[in-house]
Q: 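Next up is a structure, given as structure tokens.
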Amino acid sequence: MKRNIVIATVAAAALIGGGTAAFATGGDDDSAASKSSVQLKDSDRKDDRDDDRDDAAENTAEAKAAKVTAADAIKAALADTSGTAVSAELDDEDGGLVWDVDILKGKTWHSVEVDPGTGKVLGSWVDKDDDKDDAAEDAADAARINSALKGASVSAADAAKAGADKGTVTSVDLDDDGTATAWNVETTDAKGAESEYDVDLKTGKVTADRTDTHDDDHGDHDGQDDD
């Protein structure tokens with residue numbers, strides 16, 4: 001359940017056209033205008049025609065460029081916006097690499113962008129959707145997430161730290177397929193190969209995730225359980 005790309009798109013549209021997403025900056029006065037310090041070279045950005053080798057090269061380049069870990073990005077985001085971190089993803093925003101962190105506070109969704117080179121919060125905003133159907137879906141998502149995380153002893157940052165033993169963590173997300181019992185962590189190894197792991201919400205146990213065929217933008221995976 002990744003909301004960050006959707007929220008970021010809505011927020012960007014709102015900033016341009018006066019929409020419904022409310023933008024708010026963090027502690028730094030210039031954070032609204034801040035740009036990521038990690039700018040990807042043209043050779044690092046690939047299109048849909050790229051083969052597996054190019055994808056692996058892109059994954060490697062992004063993983064190496066991110067000096068700030070997923071766990072530290074989550075920590076920085078929570079210092080800016082209080083709540084519960086639900087996901088964090090290393091993402092390319094117009095050629096600049098950012099950590100997109102989704103934070104849930106009560107029934108309100110927040111998105112925070114963190115510079116993967118410096119750990120500085122680049123900006124944060126609240127998702128305020130005027131569409132009744134979308135607002136109802138957001139509320140249902142919030143209720144489901146809050147229920148899933150009730151009693152959990154392992155946070156998103158904890159899951160990111162656990163997954164770091166398997167490779168460079170590029171994404172942490174609640175495995176929200178009905179009854180969520182684990183965090184889903186995506187990693188990239190030194191050769192650019194991607195793997196997925198589940199981190200139990202209560203025990204922190206890390207196991208290979210073999211339930212997803214992984215046909216989305218992240219490509220194939222072949223995670224191995226080292227336990």
Side-chain angles (χ1 to χ4, degrees), residues 1-16 19 21-28 31-40 44-45 58-59 61-105 108-129 134 138 141-142 145 155-157 159-161 163-164 168-176 183-188 194 196 216-219:
M1 195 285 302
K2 290 185 174 62
R3 293 175 47 84
N4 45 330
I5 295 176
V6 176
I7 296 176
T9 302
V10 173
L15 289 173
I16 295 172
F23 187 88
T25 64
D28 296 331
S31 60
S34 293
K35 191 175 183 179
S36 174
S37 66
V38 182
Q39 296 296 307
L40 300 177
D44 293 334
R45 297 196 298 275
E58 180 180 1
N59 295 338
E62 292 183 354
K64 287 184 177 180
K67 305 303 181 184
V68 176
T69 66
D72 287 339
I74 292 170
K75 181 179 179 180
L78 289 173
D80 174 89
T81 304
S82 63
T84 300
V86 175
S87 69
E89 183 173 10
L90 193 60
D91 195 22
D92 178 358
E93 292 285 350
D94 297 325
L97 206 60
V98 298
W99 278 109
D100 280 330
V101 182
D102 283 342
I103 295 175
L104 180 60
K105 185 175 183 180
T108 304
W109 288 96
H110 303 257
S111 188
V112 182
E113 286 191 351
V114 178
D115 191 312
T118 65
K120 177 181 177 180
V121 172
L122 300 174
S124 58
W125 55 89
V126 178
D127 182 22
K128 293 183 178 179
D129 207 321
D134 289 341
D138 288 347
D141 283 344
I145 297 301
S155 68
K161 291 178 181 177
T168 300
V169 175
T170 57
S171 175
V172 180
D173 190 36
L174 187 64
D175 186 7
D176 187 28
W183 294 101
N184 178 261
V185 177
E186 295 183 10
T187 66
T188 297
E194 292 183 315
E196 287 192 29
D216 56 17
D217 293 340
H218 297 293

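Residues: numbered from 1 along the sequence shown.
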Q: State the CG-NE2 distance between Asp102 and His110, to the nearest 0.5 angstrom.
A: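 Reported value, rounded in 0.5 Å steps: 10.5 Å.
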Q: Could you give the distance from CG (Asn184) to OG (Ser87), rounded to the nearest 0.5 Å?
A: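 So the CG of Asn184 and the OG of Ser87 are separated by 11.0 Å.
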Q: Show the nearest heavy-atom pair for residues Leu97 and Glu62, with the distance to one decimal.
A: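 Heavy atoms only, the tightest pair is CD2-O, 3.6 Å.
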Q: Sequence neighbours excluded, which residues qualify as side-chain hydrogen bond (donor to acceptor under 3.5 Å, both in side chains) partners of Thr81?
A: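 Counting only residues at least two positions away or on another chain, Thr81 forms no side-chain hydrogen bond (donor to acceptor under 3.5 Å, both in side chains).
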Q: Which is it for Glu89 and Asp173 under the side-chain contact (heavy atoms from CB on, under 4.5 Å) test, yes or no, and what are the steps along the way?
A: CA-CA 8 Å; Glu89 183 173 10; Asp173 190 36; over 6 Å; no
Q: Mind listing the closest non-hydrogen atom pair of Ser82 and Ile103 along with its distance?
A: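 Heavy atoms of Ser82 and Ile103 come nearest at O-CG2, 3.8 Å.
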Q: Would Val126 and Trp109 count as a side-chain contact (heavy atoms from CB on, under 4.5 Å) if you check the C-alpha gap in whole Å, the side-chain angles of each, and the deciding distance to 0.1 Å?
A: CA-CA 6 Å; Val126 178; Trp109 288 96; over 6 Å; no
Q: Can you name the nearest heavy-atom pair linking Ala156 to Trp183, along with the distance?
A: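 Looking at all heavy atoms of both residues, the shortest contact is N-CZ2, 3.4 Å.
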Q: Using the side-chain hydrogen bond (donor to acceptor under 3.5 Å, both in side chains) criterion, which residues pair with Ser37? Sequence neighbours excluded.
A: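 Applying side-chain hydrogen bond (donor to acceptor under 3.5 Å, both in side chains) to Ser37 gives Asp115.
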Q: Taking Thr168's backbone N and O only, do any of them form a donor-acceptor pair with Thr188's side chain (distance below 3.5 Å, no angle check)?
A: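 Absent.
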Q: Just how far is it from atom OG1 of Thr170 to atom CG of Asp91, taken to the nearest 0.5 Å?
A: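 Taking OG1 in Thr170 and CG in Asp91, the distance rounds to 10.5 Å.
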Q: Under 3.5 Å, side-chain donor or acceptor atoms of residues 66-75 against the rest of the protein: list the pairs with distances, not counting sequence neighbours.
A:
residue	atom	partner	partner atom	Å
Lys67	NZ	Lys64	O	3.2
Thr69	OG1	Asp72	N	3.1
Thr69	OG1	Asp72	OD2	3.3

Q: What are the two closest non-hydrogen atoms of Val172 and Ala159, and how far apart are they?
A: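 Here Val172 and Ala159 meet closest at CG1-CB, 4.3 Å.
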Q: Please give me the minimum heavy-atom distance between Gly163 and Val185, naming the atom from each residue.
A: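 In terms of heavy atoms, the two residues are closest at CA-CG1, 4.1 Å.
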